[in-house]
Amino acid sequence: MARKQKRIYLFEEGKAEMRMLLGNKGANLAEMTNLGLPVPPGFTITTEVCREYYRNGGKLPEGLMDEVRQYMTKVEKKVGRKFGDPENPLLVSVRSGAPASMPGMMDTILNLGLNDQTVQGLIKQTNDERFAYDAYRRFVQMFGDIVMGVDREEFEHILNELKARRAKELGKDPKEVRDTDLTTEDLKEAVQRFKALIRERTGRDFPDDPWQQLEMAIEAVFKSWNNPRAISYRRINNIPHDLGTAVNVQTMVFGNMGWDSGTGVGFTRDPATGKPGLYADYLPNAQGEDVVAGIRTPMDIQWLAQNMPNIYEELLSYAKRLEEHYKDMQDIEFTVEKGKLYILQTRTGKRTGIAAIRIAVDMVHEGLITPDDAVLMVDARLLEQLLYPQFEEAALKQAKRIAKGIAASPGAAAGRVVFTSDDAVEWAKRGERVILVRHMTSPDDIEGMHAAQGILTSEGGRTSHAAVVARAMGKTCVVGCRDIFIDYANKQFTVNGTVVKEGDYISIDGTNGVVYLGDVPVVPSEIIRVITGEMKPEESELYRYYAEFMSWVDERRKLGVQANADKPEEARLARLLGAEGIGLARTEHMFFAPERLPYFQQLILADDPKEREEAMAKILPFQREDFYGLLKEMDGLPVIIRLLDPPLHEFLPHTEQEARELAERLGKPFEEIWAKTVRLHEHNPMLGHRGCRLGVTFPEIYRMQVRAIMEAACQLKKEGYNPKPKIEIPLVGHVNELIVTRRDAEEVAEQVIAETGVRVDYMIGTMIEVPRACITADQIAKFADFFSFGTNDLTQTVFGFSRDDVEGKFMADYLEEVPGKEGTPILKANPFEVLDREGVGELMRICVQKARSVKPDLEIGICGEHGGEPNSVWFCHEIGLNYVSCSAFRIPVARLAAAQAAVREKKEAEKKAAARRRRKEVVEIRD
Ligand code: ADP
Ligand code: MG
Ligand code: MG
């Protein structure tokens, strides 16, 4: 029989590496306990128990509560109190904590263990009746809401009634009465009325037995793993749905025991800019939940420095210890109870892209980490943020400034005001830019925040939900903007007399917190301005950090990084961002320009080769000019130009009216044009007459394009440039498709070389985007000078998903939980965003092996969305590709991801070598 698994760990029994089992919070509480930091004692129920709970169909495993009792006894011994003891009760918090940090996603219950008897014990311990009843009413309220499902608002309603009564007695305006004005008698009444409310709404009594409270709370934490906002957060952040959460049961400490108590949250460095030094908020005489929920706006940590300097120094020393230990910036929660400091949580701090780079570079200079570590430490996706735009300075001077809040997440955003997340999602779907304006955000607003350009809240601090989540999303965000008064009912807000209605434009600056009326135009980021020469490198501190960091990146990576760019200006930007060539230039975009489209339409609809030749003669100069610009911009670097790829009908008139106009322009009868258009209609255009199939049926088109490429290249060569064109045939599935098209291309290329008398080296290769090409890669490789995986189409053809139809049709269902089968979404990530390693990736691996078995040096790359997605880039490194290609703004992301893959590989190799050495030593000792 298998040994029974340990289900519960005391904090001192765990460690940081046990994150998967103990969750992030539990593992770090354990690590801090063992480091000797003042952590209130407690224990962690493992994530495995959560999985067991779901396997059992939502039942706590047999015997779990007996084990909980054993561990509670150990904690009781440590703190000298007893859980449920009316004389000297131990109170606990029940805290969720998954292996991946999910801030605010799951609910925590504080002060658990209180009832009418134990509250008397709490009064004895603290000598503070009001405090004890305040703790009690908070507990009943939280428990009633989180565990028993009674609406939060209903409790607030009762509290407001009590406050109104108090207002009358004090002769105050009800709005001015605070929680702290409520008397002990008020609080006692609140507890009773809360309990009555719970009974009325649920038909069940509030459980007075502390053990029953604990059992129900544990179960509620497990349940909260699958509440819709947790699921939504996991989906947006690509966190697997089957990890489960741990439950932490921890001795309560109280930050609300007077002015020598308090609670705070903060970061060991500034999460927005990366500047060194503690960056925290503190709230005297309060419990932690007040800060996190943004209910009261906290004070700066300087309050603590001035009023309790010893505690402040102690906190600084722990911040330093934690950074030295974890070798990363930490996000901490702490509480002071009657002049004694406790640390309640630490985790790796979320940060902006700017901060990520600065922290990594500073930590290398401080000797905390190596450049290798720095490369691994920065989340590659964040680099995109550095390229975010800012407001145009001239326009900003004109702009009407209406308010200032707290700068929570950088960047500049302008859009139309909406007041609900649903509206944000709706409007964004219609293509509107929106700014989501709320009192505060909650996890229910995640989708709306995602859809918005930026978020503006009237309440909350730098660590409120809106701020934390926006930073993680890389959204511009301003919080705590007290000047604005939101009127949800009338869908408007007022600010110093100005009324801003739903749909009006506002602009928000996430770097300084300023809010403007109107749609202020935006300019490129500082990095972009430096690399484009608009700003001097010396003037930009950010650029210096960026440049140093990227030099470490480029020294380490093995994968090349190229750009997907169709136009010379795109190519220029890409090159400045570090592109080492163009991995994909699409030629079809060039045909859509209004002065070109008619000729192209004529080409497609031509009656005979002669007419086709005529149309082509008109198009050729345009194309030559396009390619000339692109090759010139990328002088000395390879440029892959893909021959015509999309279904022809995309270029044809879509309505009879358009067909009439076209007929007139071409001087042909409408009926004829319309009949041809109808004939060219395809049922499955994505699987239709496109890619090299066009080259096979209309060889003239490909020949024209090759001629345009080669004429442009030869011209450049004559002018002293060094063009490196690579001609790419799309959608090849059978080697013969490549043989035919390649023969034509070569013939034309050689003709142009002969005509111009200039020899330009060129290559002819193919895109790999259908499964048959992967399986027969050894045959195809013989006729290709290079391969490039077109993983958008390859994903489409491997899954059989139409890439134009999945979004908004069934993909959401595939990524969601299946009702009744929680924890098992069909897909963990959208395969069009994150490369599917098991299916698409496996075919790629086979393709690489087969191709290189006949051509060991064949150059193979990838273009398409995946080329700029870190996880996919790591995979490309693993299977031995030569380069990845992505859109310009993702080039720094791809460079970093490539470096990370290389560093990880190196570390793996070192580990293996060390293990080998150890084995060898053992053998030698034995000898
Ligand atoms: P989250 O994951 O949402 O941050 P936490 O488990 O950290 O949830 O709890 C929320 C708040 O409750 C924290 O800010 C913390 O200060 C407070 N808290 C949790 N456990 C305790 C405890 N044992 N004593 C005092 N405060 C606590
Ligand atoms: Mg927390
Ligand atoms: Mg394709």
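Counting starts at 1 for both ligands and their atoms, following the listed order. When reading the values below, keep in mind they use all heavy atoms of this one structure, side chains included, and skip hydrogens, waters and symmetry mates. All values derive from a computational prediction rather than experimental measurement.
The side-chain tip of Lys275 does not point at the ring of Tyr279 from less than 6.0 angstrom away and within 45° of straight on. Geometrically, Arg51 does not engage Trp225 in a cation-pi contact, judged by NZ or CZ lying under 6.0 Å from the ring centre and within 45° of the ring axis.
Using a non-hydrogen distance threshold of 4.0 Å, Gln287 does not register as a contact of ligand 1.
No side-chain donor-acceptor contact under 3.5 Å links Asn28 and Gln345. At a cut-off of 3.5 Å, with distance as the only test, no side-chain donor of Tyr326 or Gln330 sits close to an acceptor on the other residue.
Between Met252, Met142, Arg95, Lys25, it is Lys25 that holds the heavy atom closest to atom 1 (P) of ligand 1.
Between Thr108 and ligand 1, an N or O atom pair is found at a separation short of 3.5 Å. Polar contact check, Val265 against ligand 1: no nitrogen or oxygen pair lies under 3.5 Å apart. Inclusion of Gln345 in the set of residues having an N or O under 3.5 Å from an N or O of ligand 1 is warranted. For a threshold of 3.5 Å applied to N or O pairs, the pair formed by Ser93 and ligand 1 contains at least one separation below that value.
Under the side-chain hydrogen bond (donor to acceptor under 3.5 Å, both in side chains) criterion, Lys78 pairs with Glu12, not counting sequence neighbours.
Counting atoms of ligand 1 from 1 in the listed order, those under 4.0 Å from a heavy atom of Thr251 are 22 (C), 23 (N). Ligand-side atoms of ligand 1 in range of Glu333: 4 (O), 7 (O), 13 (C), 14 (O), 15 (C), 16 (O), range being under 4.0 angstrom from any heavy atom.
Outside the 6.0 Å centre-distance limit, the rings of Tyr342 and Phe334 are not counted as a close aromatic pair.
Contact annotation: Thr108 places no N, O or S atom under 2.8 Å from the Mg ion (ligand 2).
Salt bridge annotation for Arg152-Glu156: absent, with no cationic side-chain nitrogen under 4.0 angstrom from a carboxylate oxygen. Between Asp134 and Arg138 a salt bridge is recorded (basic side-chain N to carboxylate O distance below 4.0 Å).
Residue contacts with ligand 1 for Leu344 involve side-chain atoms from C-beta outward but no N, CA, C or O (heavy atoms, distance under 4.0 Å).
The minimum distance between the Mg ion (ligand 2) and any N, O or S atom of Glu333 involves atom OE2.
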